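To keep things clear, I will list the structure first and then write my remarks on it.
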2 protein chains.
Amino acid sequence: MEPYKELIGKFQEILKENSLKMTKQREIILQTIYEYEGHFIPEGLHKKVQESYPELKVGIATIYRTLQLLESENIVTSISFGANGKKYEYGGKDHHDHMICNKCGRLIEFCDDTIEKQQEKIAKKARFKIVNHSMQIYGICQECQENKK
Amino acid sequence: MEPYKELIGKFQEILKENSLKMTKQREIILQTIYEYEGHFIPEGLHKKVQESYPELKVGIATIYRTLQLLESENIVTSISFGANGKKYEYGGKDHHDHMICNKCGRLIEFCDDTIEKQQEKIAKKARFKIVNHSMQIYGICQECQENKK
DNA sequence: CTTATTGCAAACGTTTTGCACGTTT
DNA sequence: AAACGTGCAAAACGTTTGCAATAAG
């Protein structure tokens with residue numbers, strides 16, 4: 001995975017290009033996301049940031065504003081859950097999709113070239129310009145199948 | 001497409017199995033969904049129901065409660081838009097996935113056998129039991145590409 | 001010194017809930 | 001009669017916004 005140094009350099013470039021400023025908050029948020037294992041929700045990120053840097057009193061609004069910025073730059077990606085908000089993850093890994101367990105909520109990652117290529121074909125036919133895509137398979141994960149009660 | 005008579009029969013069975021009751025509201029909502037062309041949001045469904053049966057004063061809560069029930073029985077399916085709610089559609093048609101225009105919000109349907117089969121392969125490998133799946137391709141639809149400003 | 005960014009609290013839109021009243025079984 | 005469903009209003013939820021104060025360029 002991309003080293004943190006590279007990531008923050010890329011972020012600084014993006015900021016410069018858009019006449020935005022590098023702040024302590026943005027740096028901490030980026031770092032916390034980079035170090036986050038797996039998927040997270042804005043509130044969880046907020047708690048982690050507050051725990052690590054209580055003296056800064058980072059507000060939840062800043063978390064949301066920064067996530068918006070990072071998502072628009074494809075540094076993080078998100079999956080929506082209707083009224084239940086979004087889950088985010090750091091996007092520096094390879095592209096992948098998710099299987100989502102209906103019982104325990106776990107996200108299992110996968111990626112598949114055949115599907116990726118097929119998507120491109122479909123979009124081309126409809127003259128649809130792909131920006132992004134996501135695919136979810138819902139069901140029951142192996143563990144929950146075994147723990148059935 | 002499945003005739004309405006069959007649909008309502010199926011619905012009545014589901015209700016009986018779960019010791020739920022058939023009400024005027026549930027019937028009207030089911031019928032309105034069946035007749036809905038394309039995708040809808042809960043508020044739109046609510047308006048349509050109210051217009052057709054103003055004397056019943058169906059509340060938005062009943063719409064949400066009924067949609068929950070119908071979705072859990074796979075009679076409708078939904079796509080989430082994070083904080084922006086969900087779009088629903090009647091699920092009695094053949095399975096299909098969506099391309100979603102980031103500009104105008106339009107949903108374009110497609111379906112593809114290659115992808116469907118590939119999904120099954122992937123799930124089998126992970127011993128994940130598929131209940132459902134959904135796939136979205138985000139981007140810009142043809143029309144919005146032409147109307148670019 | 002100009003402009004962007006922040007935290008806070010209030011506002012927002014969607015969805016859910018508590019409750020007394022109605023309806024279905 | 002018992003159990004479930006309803007409309008209503010209020011609450012809850014995740015998210016966004018207005019604003020005065022603060023910090024970065």
Side-chain angles (χ1 to χ4, degrees), chain A residues 8 11-30 32 39-73 76 78-88 105, chain B residues 8 11-30 32 39-47 49-73 76-88 105:
Chain A
I8 195 151
F11 189 40
Q12 278 168 333
E13 258 179 56
I14 289 167
L15 294 173
K16 195 174 282 179
E17 271 169 31
N18 296 80
S19 320
L20 303 176
K21 293 170 180 173
M22 174 54 91
T23 64
K24 198 84 194 136
Q25 285 84 338
R26 283 180 174 155
E27 192 184 332
I28 288 167
I29 290 170
L30 182 66
T32 308
H39 305 80
F40 61 89
I41 58 176
E43 202 198 310
L45 177 60
H46 185 214
K47 275 206 188 116
K48 236 179 207 196
V49 167
Q50 283 189 324
E51 277 165 25
S52 313
Y53 299 84
E55 70 282 7
L56 256 193
K57 295 206 280 178
V58 175
I60 189 75
T62 300
I63 298 286
Y64 278 102
R65 288 187 277 233
T66 306
L67 281 174
Q68 253 171 13
L69 173 60
L70 293 175
E71 187 166 22
S72 78
E73 297 294 340
V76 301
S78 72
I79 295 181
S80 278
F81 290 85
N84 307 310
K86 288 179 170 184
K87 279 192 185 174
Y88 288 85
Chain B
I8 194 152
F11 190 39
Q12 277 168 333
E13 257 179 56
I14 289 168
L15 293 175
K16 194 173 284 177
E17 273 169 29
N18 295 81
S19 321
L20 303 176
K21 292 169 181 173
M22 174 55 92
T23 64
K24 199 85 195 133
Q25 286 85 339
R26 282 181 175 155
E27 192 184 334
I28 289 167
I29 291 170
L30 183 65
T32 309
H39 304 82
F40 60 88
I41 58 176
E43 201 197 310
L45 176 61
H46 186 215
K47 276 207 186 112
V49 167
Q50 283 189 324
E51 278 165 23
S52 314
Y53 299 84
E55 71 281 9
L56 256 193
K57 296 206 280 175
V58 175
I60 189 76
T62 299
I63 299 286
Y64 277 103
R65 287 186 278 231
T66 306
L67 281 174
Q68 253 170 15
L69 174 60
L70 293 174
E71 188 167 20
S72 77
E73 298 294 340
V76 302
T77 58
S78 73
I79 295 181
S80 278
F81 290 85
N84 306 310
K86 288 180 170 186
K87 280 192 182 172
Y88 288 85

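Order of the sequence lines sets the chain letters (A, B, ...), proteins ahead of strands, with each chain counted from 1. Predicted model, so just to flag it, every value in this text is computed and none were measured.
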Rounded distance (nearest 0.5 Å) linking atom NZ of A:Lys48 with atom CD1 of A:Ile63: 12.5 Å
Could you tell me how far apart B:Lys86 (NZ) and D:dG14 (C1') are, to the nearest whole angstrom? 14 Å
Nearest-nucleotide wise, let me know which of A:Gln25 and B:Glu43 is further upstream toward the 5' end of DNA chain C. A:Gln25
Counting only side-chain heavy atoms from C-beta out, which of D:dT15, C:dT15, C:dT16 sits nearest to B:Gln68? C:dT16
A:Thr62 side-chain proximity, nearest of D:dT17, C:dT15, C:dG7: C:dG7
Relative to the 5' end of DNA chain D, which residue comes earlier, B:Gln50 or B:Ser19, by the nucleotide with the nearest heavy atom? B:Ser19
Length of the CD1-P vector between A:Ile63 and D:dT17, whole Å: 17 Å
Between B:His46 and B:Tyr64 (side chain of the first, backbone of the second, donor and acceptor by atom type, cut-off under 3.5 Å), is there such a pair? no
How many Å lie between CG on B:Leu30 and C1' on D:dG5, as a whole number? 16 Å
Tell me the interatomic distance from A:Lys16, atom NZ, to C:dA4, atom P, rounded to whole angstroms. 17 Å
Going from CG on A:Leu67 to OH on A:Tyr88, what distance comes out if it is rounded to the nearest 0.5 angstrom? 5.0 Å
Short side-chain N/O contact from B:Lys57 to OP1 or OP2 of D:dC8, under 4.0 Å: yes
Atom-to-atom span, CG of B:Leu56 to C1' of C:dC21 - whole angstrom: 16 Å
May I have the distance from A:Ile29 (atom CD1) to C:dT5 (atom C1'), rounded to whole angstrom? 11 Å
Classify B:Leu20 by what it touches in the nucleic acid, base, sugar-phosphate, or nothing, heavy-atom distance under 4.0 Å. sugar-phosphate
Using heavy-atom distances to pick each residue's nearest nucleotide on DNA chain C, tell me which of B:Met22 and A:Ala61 is more 5'. A:Ala61
Does B:Lys47 come within less than 4.0 Å of B:Glu43, counting only side-chain N to carboxylate O? yes
Per atom distances to the A:Thr23 side chain, the nearest of C:dT6, D:dT16, D:dC8 is C:dT6
State whether A:Tyr64 places a side-chain N or O below 4.0 Å from either non-bridging phosphate oxygen (OP1 or OP2) of D:dT16. no
For A:Arg26 and D:dA23, give me the distance from atom CZ to atom C1', rounded to whole Å. 12 Å
Between the CD1 atom in B:Ile28 and the CD atom in B:Gln50, the distance rounded to the nearest 0.5 Å is 11.5 Å
Give a yes or no on whether a salt bridge exists between B:Lys86 and B:Glu71, defined as a side-chain N under 4.0 angstrom from a carboxylate O. yes
From A:Ile29 CD1 over to A:Phe11 CZ, what is the distance, rounded to the nearest 0.5 angstrom? 8.5 Å
Find the bend of the helix from C:dC1-D:dG25 to C:dT25-D:dA1 as the angle between its two terminal axes (five pairs each), to the nearest 10°. 30°
May I have the distance from A:Arg65 (atom CZ) to C:dA4 (atom P), rounded to whole angstrom? 14 Å
When rounded to the nearest 0.5 angstrom, what is the spacing between CZ in A:Arg26 and CG in A:Leu70? 9.0 Å
Per atom distances to the B:Lys21 side chain, the nearest of D:dC4, D:dA23, D:dT15 is D:dC4
